[in-house]
Amino acid sequence: MKTKIERFEDLEVWKKAHKLAIETYNMTKKFPNEEKFGIVSQMRRSAVSVSANIAEGFKRRTPKDKSNFYNMSQSSLEELKYYFILSKDLDIYRAKKTCRILLSQ
């Protein structure tokens, strides 16, 4: 018998996205100060957007609405992936666990 999930916090995908947002915040603390309003801001915004869109989509009533928010979440994840690539290529941050995991998916 399947258990009905009643809260977005119980979704495994949301838990992973939330962890990614926290890891992104922690990682970008180590970026140079001149990047605070550049790549740091963009990375944090897109990382939060992944889990936020999952949460918002969870409460949407129609499959079309849900799908739209889940698609936006995927798009934000791709955007974040690009920022990891850029930060690595600019030598702003050496690839560590978070970057390697994201780039391998």
Side-chain angles (χ1 to χ4, degrees):
M1 178 194 270
K2 290 185 179 181
T3 304
K4 183 177 179 181
I5 297 177
E6 296 184 17
R7 304 169 343 133
F8 68 83
E9 296 99 320
D10 296 328
L11 294 168
E12 287 301 317
V13 69
W14 180 85
K15 290 175 186 177
K16 289 179 181 182
H18 181 65
K19 183 178 179 182
L20 177 63
I22 291 168
E23 289 178 4
T24 300
Y25 264 77
N26 289 334
M27 185 187 89
T28 55
K29 286 178 186 176
K30 300 171 185 143
F31 277 37
N33 283 338
E34 65 263 18
E35 291 300 332
K36 184 177 181 180
F37 299 107
I39 198 168
V40 169
S41 175
Q42 293 293 92
M43 289 180 80
R44 289 178 174 185
R45 182 195 52 75
S46 58
V48 169
S49 182
V50 175
S51 50
N53 278 303
I54 292 168
E56 189 167 354
F58 181 78
K59 278 298 183 182
R60 294 295 171 151
R61 299 207 187 278
T62 68
K64 184 177 179 182
D65 270 352
K66 285 182 179 291
S67 178
N68 185 45
F69 278 91
Y70 296 153
N71 183 261
M72 284 190 284
S73 179
Q74 287 178 313
S75 297
S76 294
L77 183 60
E78 287 300 307
E79 180 181 2
L80 179 60
K81 183 177 179 178
Y82 168 69
Y83 294 132
F84 275 108
I85 292 167
L86 180 62
S87 66
K88 181 177 163 280
D89 290 349
L90 292 173
D91 206 25
I92 294 172
Y93 189 77
R94 304 245 183 248
K96 286 197 174 183
K97 181 181 168 188
T98 305
C99 189
R100 283 194 312 268
I101 290 170
L102 188 62
L103 294 177
S104 69
Q105 296 177 1

Original post:
Which of these passes side-chain contact (heavy atoms from CB on, under 4.5 Å) with Val40: Ile92, Asn33, Thr28?
Top reply: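 Among Ile92, Asn33, Thr28, the one meeting side-chain contact (heavy atoms from CB on, under 4.5 Å) with Val40 is Thr28.
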Original post:
Mind checking what makes ring pair (Phe, Tyr, Trp, His ring centres under 6.0 Å) contact with Phe69, not counting sequence neighbours?
Top reply: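 So Phe69 forms no ring pair (Phe, Tyr, Trp, His ring centres under 6.0 Å) with any residue.
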**OP:** State which residues pass side chain to side chain contact (heavy atoms under 4.5 Å, CB included) with Asn26; sequence neighbours excluded, sorted by chain then number.
**Re:**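 With neighbours one apart ignored, the set is Ile22, Lys29.
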About how many Å separate [atom2] of [Y] and [atom1] of [X], when rounded to the nearest 0.5 Å?
{"X": "Tyr82", "Y": "Met43", "atom1": "OH", "atom2": "CE", "result": "11.0 Å"}
{"X": "Gln74", "Y": "Ile54", "atom1": "CD", "atom2": "CD1", "result": "9.0 Å"}
{"X": "Glu35", "Y": "Ser87", "atom1": "CD", "atom2": "OG", "result": "9.5 Å"}
{"X": "Met72", "Y": "Glu79", "atom1": "CE", "atom2": "CD", "result": "13.0 Å"}
{"X": "Arg45", "Y": "Leu80", "atom1": "CZ", "atom2": "CG", "result": "9.5 Å"}

Subject >> By side-chain hydrogen bond (donor to acceptor under 3.5 Å, both in side chains) - contacts of Glu12 (at least two apart) >> reply: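 For Glu12, the residues satisfying side-chain hydrogen bond (donor to acceptor under 3.5 Å, both in side chains) (neighbours in sequence not counted) are Lys15.
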Subject >> side-chain hydrogen bond (donor to acceptor under 3.5 Å, both in side chains) partners of Gln42, counting only residues at least two apart >> reply: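 Counting only residues at least two positions away or on another chain, Gln42 forms a side-chain hydrogen bond (donor to acceptor under 3.5 Å, both in side chains) with Tyr83.
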**OP:** Check whether Phe84 and Val50 end up in the same hydrophobic cluster, where Ile, Leu, Val, Met, Phe, Trp and Tyr are linked by side-chain heavy atoms less than 4.5 Å apart.
**Re:**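 Result: yes, single cluster for both.
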**OP:** Find out if a path of hydrophobic residues (ILVMFWY) with successive side-chain heavy-atom gaps under 4.5 Å connects Tyr70 to Val13.
**Re:**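 Yes; Val13 is reachable from Tyr70 via cluster members.
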Subject >> Residue pairs fulfilling side chain to side chain donor-acceptor pair (under 3.5 Å) with at least one residue in residues 46-68, sequence neighbours excluded >> reply: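 Side chain to side chain donor-acceptor pair (under 3.5 Å) check on residues 46-68 returns Ser49-Asn53, Ser49-Ser76, Glu56-Arg60.
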**OP:** Check which hydrophobic residues are tied to Phe37 through side-chain heavy-atom contacts below 4.5 Å, counting indirect links as well, and list them.
**Re:**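 For Phe37, no cluster forms, as it stays isolated from other hydrophobic side chains.
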Subject >> For the student: nearest non-hydrogen atoms of Tyr25 and Val48, plus distance >> reply: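 For Tyr25 versus Val48, the nearest heavy atoms are CE1-CG2, 3.7 Å.
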